[in-house]
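Chain identifiers are assigned alphabetically (A, B, ...) following the order of the sequence lines, protein sequences preceding nucleic acid strands; residue numbering begins at 1 within each chain.
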Number of protein chains: 2
Amino acid sequence: MNQSGMRGDRRLPPTDPPSLAERIRLEMESFTPSEKRAAHLLLSHYPFAGLDTVAEFASRAGISAPSVLRFVTRLGFSGFPEFQKHLREELEAQLLSPLAKASPSDKGQGAPALASFAEAVIGNLKATVENIAPAEFDAVVALLSDPRRHIHFTGGRFTGALARYAESHFRIVRSHVDFIEGQPALWRDRMIEIGRKDVIVAFDIRRYQEDVTALCETASRQGATVVLLTDPWLSPIARVARHVLPAHIVAPSNWDSSAGLLLLTEALVAAVTKRLWETAKPRMETVERLRNERS
Amino acid sequence: MNQSGMRGDRRLPPTDPPSLAERIRLEMESFTPSEKRAAHLLLSHYPFAGLDTVAEFASRAGISAPSVLRFVTRLGFSGFPEFQKHLREELEAQLLSPLAKASPSDKGQGAPALASFAEAVIGNLKATVENIAPAEFDAVVALLSDPRRHIHFTGGRFTGALARYAESHFRIVRSHVDFIEGQPALWRDRMIEIGRKDVIVAFDIRRYQEDVTALCETASRQGATVVLLTDPWLSPIARVARHVLPAHIVAPSNWDSSAGLLLLTEALVAAVTKRLWETAKPRMETVERLRNERS
DNA sequence: CAAAAGCTGTATCAGAAATTTCAGAACCTG
DNA sequence: CAGGTTCTGAAATTTCTGATACAGCTTTTG
């Protein structure tokens with residue numbers, strides 16, 4: 001039911017109908033606070049958030065109905081119904097034409113920086129996933145799911161934060177989880193009780209940090225199993241690591257991107273949580289209950 | 001690259017959500033004449049025809065409003081609004097996840113889990129970038145590039161690690177950067193020197209943490225500028241935040257994904273580093289030199 | 001620091017939309 | 001072809017939504 005019938009009529013570069021979403025993004029700064037909340041809600045669930053009733057929209061955005069009305073008026077619509085009609089038509093048009101996506105128009109200055117950065121990060125994630133040996137990933141999941149093991153996370157200057165992130169999740173999913181600071185003075189003493197039952201999960205990327213390497217070598221010598229999350233050039237820790245999961249880290253920045261490491265971390269958390277669900281569920285519920293009691 | 005090697009193991013047909021359209025097609029014969037007209041209209045412009053008003057739908061189908069009502073009742077809905085809600089949800093679900101179709105049971109092995117998890121995360125990153133207003137991003141970059149400002153990072157249970165990650169980078173790029181623990185006991189005293197010159201960068205996602213909110217509210221009351229990185233539902237901190245950068249966080253896991261927040265963080269680091277390059281470069285070189293001396 | 005401007009939510013109203021009622025039309029069925 | 005059943009739409013009814021007025025509050029400005 002395409003009334004134009006004209007095929008191959010892409011005369012112009014895909015100028016696209018200037019989406020309402022784009023306009024909102026551009027005008028965002030000129031919005032009042034509650035208009036911004038409305039805009040954020042709409043953009044985050046575009047365009048479905050706008051298809052509900054005014055009351056529903058207002059409540060979800062955390063503002064009042066009149067503010068929503070003012071918002072749509074400000075966008076140039078004569079009323080809420082007209083606004084919804086526009087959204088529906090836009091949605092229908094977009095859904096029916098397979099070109100759909102893209103939206104590379106984005107002239108803005110800041111956007112390109114963010115967009116191209118995201119582009120690169122997404123490329124890293126894809127490359128990371130493709131280069132992980134499934135067996136390796138599974139083996140690590142199995143290792144971290146073994147309740148008899150003790151898990152220790154550690155990392156360097158920047159990656160230490162990722163180790164902490166991992167620890168804060170695993171700590172809830174299972175027992176015997178902790179975080180070890182990278183500085184030798186802080187872990188030397190603890191090494192005495194590291195042994196075969198222990199697993200060290202180390203994060204280490206470029207500008208590999210000697211103290212983290214030393215920690216892993218010591219632990220390995222004591223019989224611990226070392227799991228390493230690193231970059232494709234492999235931290236020296238790889239020599240003592242039982243399992244290595246490399247992630248791509250190059251980004252258009254003066255700094256490396258840790259997004260791939262975070263992806264692996266979160267995927268491990270998800271997999272282990274699922275695998276230990278029987279015991280993890282009550283633990284998560286308990287944590288939740290304790291949090292609520294406090295407040 | 002199916003490591004299981006077991007082919008032909010499609011235990012169950014790809015059940016998929018039984019679309020309403022399918023059901024209508026199956027029951028078509030049992031419809032009355034005017035119901036058929038309604039059904040045909042709906043199927044021919046599925047599902048958009050159903051998103052209009054009853055009157056509009058009836059008119060387009062060439063039947064009366066009550067017939068439309070009887071039609072939707074017959075389909076098992078309690079009323080027209082419920083019918084529309086179903087259409088919207090079906091549409092949203094279909095439009096938003098052309099990627100990770102098999103999220104439910106998926107007891108599958110490691111690699112599929114990792115791959116589909118990555119799919120979802122990548123989707124989050126794209127959605128995050130698209131929903132960030134360029135002006136908002138730029139404004140935050142400008143704010144964090146102002147050498148006269150003091151920057152404080154903070155976050156909740158899980159997001160605290162991201163705040164640390166941000167801090168460890170910004171600390172090198174510029175001066176006057178620190179990290180504030182979320183617990184009130186740890187920051188109450190420091191608030192005395194927080195004022196107009198200060199910027200609080202807060203990370204807070206679902207299960208918003210009251211102590212972080214309290215910190216931001218206090219700081220805001222003292223005249224500090226608050227920047228918030230949160231999820232699309234917006235932490236209550238948004239109330240006092242000057243700038244809000246929302247990131248999509250839903251992943252096929254029992255946990256939310258912070259990858260979008262990390263992306264924004266790294267993009268901010270990259271942008272600010274570039275902007276302050278004249279002063280950042282010598283700082284980075286100095287840090288490098290100090291590290292080497294130590295070893 | 002005071003006045004002004006702007007923003008936002010409460011309460012209220014008008015109107016439109018969905019739903020029900022009911023009588024007439026069409027269609028079987030015997 | 002009469003009696004009964006089913007289907008259908010006009011009109012009445014009810015519900016609920018979108019819109020507005022106004023007052024309180026916050027922020028800005030002089």
Parallel, tilted or perpendicular: rings of B:H176 and B:H150 (30°, 60°): parallel
B:E35 CD to D:dC7 P, straight-line distance once rounded to whole Å: 8 Å
B:E130 side chain to A:Y46 side chain, donor-acceptor N/O pair below 3.5 angstrom: no
Length of the line joining B:I63:CD1 and D:dT6:P, which is rounded to integer Å: 20 Å
Short side-chain N/O contact from B:S67 to OP1 or OP2 of D:dT8, under 4.0 Å: no
Length of the line joining B:F31:CZ and D:dT6:P, which is rounded to integer Å: 18 Å
Ring centers of A:H169, B:F158 separated by less than 6.0 Å: yes
Under-4.0 Å side-chain N/O to phosphate OP1/OP2 contact, B:S34 with D:dT8: yes
Matching residue for B:H248 among B:D256, B:D231, B:N131 - test: side-chain hydrogen bond (donor to acceptor under 3.5 Å, both in side chains): B:N131
Nearest to side-chain heavy atoms of B:L69, which nucleotide of D:dG18, C:dA18, C:dT8: C:dA18
Atom pair distance, as rounded to whole Å: CZ in B:F80 and C1' in C:dT20: 17 Å
Sugar-phosphate only, base, or nothing, as touched by B:A55 at under 4.0 Å among non-hydrogen atoms: sugar-phosphate
Distance in angstrom units between B:R221 CZ and D:dT27 P, rounded: 12 Å
Rounded distance in Å - CG (A:D52) to C1' (D:dT17): 12 Å
Closest to the A:P33 side chain, choosing from C:dA17, D:dG18, C:dC7: C:dC7
Separation of atom CZ in B:R37 from atom P in D:dC7, rounded to whole Å: 16 Å
Closest to side chain of A:T53, choosing from D:dT17, D:dA21, D:dG9: D:dT17
Below 4.0 Å: OP1/OP2 of C:dT8 and any side-chain N or O of A:T32: yes
Position toward the 5' end of DNA chain C (nearest nucleotide), B:Q84 or B:R70: B:Q84
Residues A:E27 and A:K36 bridged, charged N to O under 4.0 Å: no
Distance in angstrom units between B:R74 CZ and C:dT19 P, rounded: 18 Å
